[in-house]
Amino acid sequence: MKKIYKLIFTVMAMLMVLTPAFTSVAQAADTTTTSSSSSATTTVSDDSLAKIKAKGEIVLGTSPDYPPYEFMAKGKVVGMDVEIAKKIAKDMGVKLVIKKMSFDSLLVALQTGKVDIVISGVNPTAKRAKSVDFSKSYYKAGQYILINKSDKGVYKNRNSFSGKQLGAQTGSLPYNLAKSHSKGATVKGMDTVSDLVIALKSHKVEGVVLDEPTAKAYAANDSSIVAVDGQFDLGSDETNDVVAVAKGSTSLTNEINKSITDIKSNDLISGYLKTAGSYMDTNTANTSMWHYWKYFALGIKYTIGISAISVVLGFLIGVLLAFMRLSKVKLFKWIGTAYVEFVRGTPLMVQILFVYFGLGVIVNIPAVISGIIAVSLNSGAYICEVIRGGILSIDKGQDEAARSLGLNSNDTMFSVVLPQAIRNIWPALGNEFVSLIKETSIVSIIGVSDMIYQLKIVQADTYRGVIPIVITMILYFILTFVITRILRYYEVKMNSKMNRKV
């Protein structure tokens, strides 16, 4: 067992050295930076603009799965909204930094200071206006509905879906419109548009409500689907696309409005849409999965890195909690029990969002670090119960025999009880590590580029839904199978060594 302890401490030391490097690379991969030129100084009424100019960068939050607004192409975020953000940054004389995350997390990120602006096909609804401010409109579009080509003529507008299922992106205006304007229809919400298109093509939904340019973009690049005018009765807050900023950011809003005025005066939007269209044409030129191997490789790198760091940290937390729960000190026992019960009683997704957004109000924690912290804390609660059960499974006679030989309580625990307990619980610990590899997939919700995140990028990039899923499933299986074989090897080795001693 001494060798196992040495191995654990060696791994811990390596992680202490490698974690900063891993997370710095991760942050670099999660953000895209674009240089900009200088602009004139403006008198402001608050410090929102001054802060951005002082740090020399403006952070854009966006969900890159909504062509032609924002999407991934050739490993970077592109689209009409990105071009607008570049224009705004250039006019301010700062760099543009792009943070990718799910659409329904964007306004939360804005409120908690994770991003400075949100440009992601946002409509200025009254409900959103209670928590954030908006710029003037930079684009106006209606709402269309994507349907399968075989259903052309069957579904003509929003009133054709009574008793049917409509899909829309969770937290978006199309989702609210589908629920309120399509009588008799059942609305199914999903996180990404690529998932919705897959659901449409696999007949899980009969139609998908999208902004007009997005619906037309998908239809233009996929001959099996068509876009029809939803004929929604819309107000200006439901057709205008705007830039969202934090509440009270008057000076920043005024500066953004200057850029938007220039964009509209010079009709730059048409050029931005043309540029986005050229990227979309490129995306469909080579949709082979071999062409996207770097995406999957990056996803594997993140998944293994986060899992490896989290399992070690989780093990250390689990050991500490197990000793606290077994302690005779009531305070320690109560704290350990309360922690375990609370963590096991709340979803990992909520814990990740809390660490990233909740603690982000106090301290700005990068997405990768937030994911590692949340997964480690969650894993620690489960490992605690595994270790505690292993310790309690050791016959009390072992403790009595060790004490009779003159060993104190600490020596008895670490030299007699714990080695036997670890051997007994090794399969359960291995199972926790294997589960952890799969559970890390949830960190994609805050924009960490794990395998699930890369899967969605490939789907959005190629307009192919099923094949990327199959590839990802195979990769997960390979990872978990290899880990299982390694853990099994050490399990057999420990058992044979213990049997020789007996």
Side-chain angles (χ1 to χ4, degrees), residues 27-28 30-64 66 69-70 76-124 128-138 241-263 356-370 446-447:
Q27 292 175 51
D30 277 345
T31 57
T32 303
T33 305
T34 305
S35 298
S36 304
S37 61
S38 60
S39 63
T41 304
T42 307
T43 302
V44 298
S45 58
D46 66 275
D47 63 352
S48 56
L49 178 60
K51 284 182 177 178
I52 290 173
K53 290 194 173 185
K55 66 181 180 179
E57 64 180 32
I58 184 168
V59 182
L60 164 69
T62 192
S63 177
Y66 210 60
Y69 287 91
E70 52 276 326
K76 62 181 181 179
V77 186
V78 298
M80 176 181 73
D81 284 352
V82 177
E83 295 301 316
I84 291 171
K86 287 180 181 178
K87 167 69 173 172
I88 292 171
K90 182 178 180 181
D91 291 346
M92 289 184 185
V94 297
K95 293 186 295 184
L96 174 65
V97 176
I98 302 175
K99 280 194 175 182
K100 305 163 286 184
M101 59 188 69
S102 62
F103 183 82
D104 53 356
S105 297
L106 288 173
L107 295 188
V108 179
L110 187 62
Q111 291 175 282
T112 55
K114 293 291 183 184
V115 299
D116 298 314
I117 58 174
V118 169
I119 313 180
S120 195
V122 176
N123 303 108
R128 290 172 179 167
K130 294 178 181 179
S131 55
V132 298
D133 287 341
F134 301 114
S135 70
K136 63 170 65 174
S137 171
Y138 62 81
D241 294 311
V242 297
V243 180
V245 299
K247 202 72 177 173
S249 302
T250 306
S251 59
L252 177 59
T253 304
N254 290 339
E255 192 72 10
I256 291 171
N257 284 339
K258 291 179 182 178
S259 297
I260 292 175
T261 298
D262 189 39
I263 288 171
Y356 186 59
F357 294 120
L359 297 183
V361 176
I362 303 171
V363 56
N364 188 17
I365 308 175
V368 177
I369 300 295
S370 297
I446 56 175

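A salt bridge links K87 with D91: the closest approach of a Lys/Arg side-chain nitrogen to an acidic carboxylate oxygen falls below 4.0 angstrom.
With values rounded to the nearest 0.5 angstrom, D46 atom CG is found 8.5 Å from N254 atom CG. Distance check, rounded to the nearest 0.5 Å: CG of L110 to OG of S105 gives 12.5 Å. In this structure, D104 CG and M101 CE are separated by 11.0 Å, a value rounded to the nearest 0.5 Å. In this structure, the separation between CG on L96 and CD1 on I84 is 12.0 Å, given to the nearest 0.5 Å. Taken from CZ in R128 to CG in D133, the straight-line distance is 14.0 Å, to the nearest 0.5 Å.
Remark: Q111 engages S131, V132 in a side chain to side chain contact (heavy atoms under 4.5 Å, CB included) (not counting sequence neighbours). Residues meeting the side chain to side chain donor-acceptor pair (under 3.5 Å) test with S63, sequence neighbours left out: D65. Partners of Y66 by ring pair (Phe, Tyr, Trp, His ring centres under 6.0 Å), not counting sequence neighbours, listed by chain and number: Y69.
Residues I58 and M92 have side chains in contact (heavy-atom distance under 4.5 Å, counting atoms from C-beta outward). Residues K55 and D116 are in side-chain contact: their nearest non-hydrogen atoms beyond the backbone lie under 4.5 Å apart. A 4.5 Å side-chain heavy-atom check between I52 and E255 finds every atom pair outside the cut-off. Counting heavy atoms from C-beta outward, Y138 and I263 have side chains that stay 4.5 Å or more apart. Counting heavy atoms from C-beta on, the side chains of L252 and K51 never come closer than 4.5 Å. Side-chain atoms of V245 and S48, non-hydrogen and from C-beta on, never get closer than 4.5 Å to each other. In this structure, the side chains of L106 and V122 stay at 4.5 Å or more apart for every pair of heavy atoms.
Side chain of K114 to main chain of Y356: a donor-acceptor pair is present (N/O by atom type, distance under 3.5 Å, no hydrogens or angles). S251 places a side-chain N or O within donor-acceptor distance of the main-chain N or O of L49, the cut-off being under 3.5 Å. Here the side chain of D81 pairs no donor or acceptor atom with the backbone of E70 at under 3.5 angstrom. No donor-acceptor distance shorter than 3.5 angstrom exists from the side chain of T62 to the backbone of S120, with no hydrogens or angles considered.
A pairwise comparison of heavy atoms in I117 and I119 identifies CD1-CD1, 3.9 Å as the closest pair. When every heavy atom of V115 is checked against every heavy atom of V118, the shortest pair comes out as CG2-CG2, 4.0 Å. The shortest non-hydrogen separation linking L60 to A85 is CD2-CB, 3.6 Å. In terms of heavy atoms, I88 sits closest to I256 at CD1-CG2, 3.7 Å.
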Pair K136-T261, side chain to side chain contact (heavy atoms under 4.5 Å, CB included): steps then yes or no
CA-CA 9 Å; K136 63 170 65 174; T261 298; 2.9 Å; yes

For S259 and K90, run side chain to side chain donor-acceptor pair (under 3.5 Å): C-alpha distance rounded to whole Å, both residues' side-chain angles, the deciding distance at 0.1 Å, then the answer.
CA-CA 9 Å; S259 297; K90 182 178 180 181; over 6 Å; no

